[in-house]
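Note that the numbering runs from 1 along the sequence shown for the chain. From a predicted model like this one, the values you see are computed outputs, not experimental measurements. The basis for the numbers below is simple: all heavy atoms, side chains too, and nothing from hydrogens, waters or symmetry mates. In listed order, ligands and their atoms are each counted from 1.
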Amino acid sequence: MRHIRMAAAQAKALMVGREQTHTRVWAYDGQIPGPTLRLRQGEPVRITVENRLDEDTTVHWHGIRLPNAMDGVPGLTQPPIRPGESFVYEFTPPDAGTFWYHPHANSLQQLGRGLAGGLIVEEAEPVPVDRDLLWVLTDWRLTADAQIASGFGNGMEAAMAGRIGNTVTLNGAVPDAEPVQAGERVRLRLVNSSLARIMGLRFESHRPVVVALDGQPCDPHEPEDGRIVLGPAMRVDIVLDMQGEPGRGYRVVDDFYDGLAYRLTSLTYGDQPIRKPNSDTPIRLPRNPLPEPDLAQAERQELVLQGGMMGGMGGMMGMPGMGRAVWAINGTSMTGDGHAGMPPLRVLQQGRSYVVTMRNETAWWHPMHLHGLSFRVLSRNGKAVPHHQWADTVMMAPREAVEIAFVADNPGDWMLHCHVTDHQTAGLMTVLRIA
Ligand code: C2O
Ligand code: CU
Ligand code: CU
């Protein structure tokens, strides 16, 4: 079995180039983002995580369908890793694709101070591209001297869009340019590991083709309006054929928030094309072994997202002793990061198919994430979703209703929460039990 070791500890990172200012961060193996783990589909791995922080932590392997005891939710699936202690995670990734890992303890600070890394599960057969790139995109709220601003868990932000930062990094540094060659075909794996920032990426003069969402292959398609929407925790794999002119630069723009568009980076072409573009052969990734839900026999469930600013939840309280709640799912609020004895909102029968309608009754965007399973995204506001999309984190626009479906094949207590971390910790979280 492959054995990997990682340690979470305080570190210094050079994120903003100016005057060699080091930012104090919390990091895996001293790196921002943490080391990219490259695993192989169907091959067991053992990952020992050492906690050299001053507080409890855990690691959650976001999107990997693994045994419940390896899911990294403190109190719910494992005891927290105390300072100075280690925990051994062991699992066999069933699906190839783009995933990531992050703590599930004191998430606002631990994720917001830098603990996150990319996790790639390689296909059995290599996919025919010239290069396979990973962009881990994160935003930070930095002070004028390039340090992480305090004020995590601000109540006003928790009831609105969450802690959105002022600096976006690509693989841990403020990006300038990405060198490319005319004619090459690149598989670009996009990961948004921000606490709260939603991104909408456009590749000037290029036509990205989406080939996988949250690690799960879909029918290759160009994104709606040419823009790739990436909420916190979401991943999109695209194939980019470099059909620009040698020697030129093309902007990559994030224009998700109205009036706040900015240039993320540029694709800068070298002078020599490597060959003529071969964009006529589409790339289709091999499907993962996901159980197909039986829609005719499926049991139906409804989850209603409530609260937030303008959400009329007023003085609604969370469970006693679990902190302040401004959001709720079906009238109940679990807050924080995970707790011992969280009662499940629903008990699902192992092996059964479910169709769950999630109804966003709030005025805010929510990337809703379910642990332990991937689900089909069936419809939005009653309209069928094309391209056979599977996901583990589905973006919900204000007032939107999204229907998802899955086979409840993985037993255990699984978190379901918004991945805008302020929303999660302020009540937009629950537990589904599969038994
Ligand atoms: Cu990345 Cu509980 O999630
Ligand atoms: Cu997860
Ligand atoms: Cu949310």
Requested in this report: Cation-pi check, Arg46 to Tyr89: give yes when NZ or CZ is under 6.0 Å from the six-membered ring centre and within 45° of the ring axis, no otherwise.
Outcome: no
Report summary line: Atom name of the N, O or S atom of His371 nearest to atom 2 (Cu) of ligand 1 is NE2
Query - Heteroatom test (N, O or S) for His62 near atom 2 (Cu) of ligand 1, limit 2.8 Å - result: no
Query - Under 2.8 Å: N/O/S of His419 next to the Cu ion (ligand 3) - result: no
Query raised in the report: Among the N, O or S atoms that His366 has, which is closest to the Cu ion (ligand 3)?
Result: ND1
Query raised in the report: Is it true that Arg235 and Asp392 have a side-chain N and a carboxylate O under 4.0 angstrom from each other?
Result: yes
Query raised in the report: Does atom CD of Gln297 have more than 12 heavy-atom neighbours, drawn from other residues, nucleotides or ligands, at distances under 6.0 Å?
Result: no
Query raised in the report: Is atom 2 (Cu) of ligand 1 less than 2.8 Å from an N/O/S atom of His419, whether that atom is in the backbone or a side chain?
Result: no
Query raised in the report: What angle, to the nearest 10°, do the atoms NE2 (His369) and NE2 (His60) form about the Cu ion (ligand 2)?
Result: 170°
Query raised in the report: How open is the angle at atom 2 (Cu) of ligand 1 from atom NE2 of His417 over to atom NE2 of His104, rounded to 10 degrees?
Result: 110°
Requested in this report: Kindly assign one of parallel, tilted or perpendicular to the pair His369 and His419, based on the angle between their ring planes and the thresholds 30° and 60°.
Outcome: tilted
Report task. For the pair Glu302 and Arg300, find out whether any cationic side-chain nitrogen is under 4.0 Å from an anionic carboxylate oxygen. Result -> no
Requested in this report: Decide, counting backbone as well as side-chain atoms, whether His369 has an N, O or S atom less than 2.8 Å from atom 2 (Cu) of ligand 1.
Outcome: no
Query - Atom of His423 closest to the Cu ion (ligand 3), considering N, O or S atoms - result: ND1
Query raised in the report: Should the pair His102 and His60 be assigned to parallel (<30°), tilted (30 to 60°) or perpendicular (>60°) ring geometry?
Result: perpendicular
Query raised in the report: If you measure from the Lys or Arg side-chain nitrogens to the Asp or Glu carboxylate oxygens, is any gap between Asp219 and Arg284 under 4.0 Å?
Result: yes
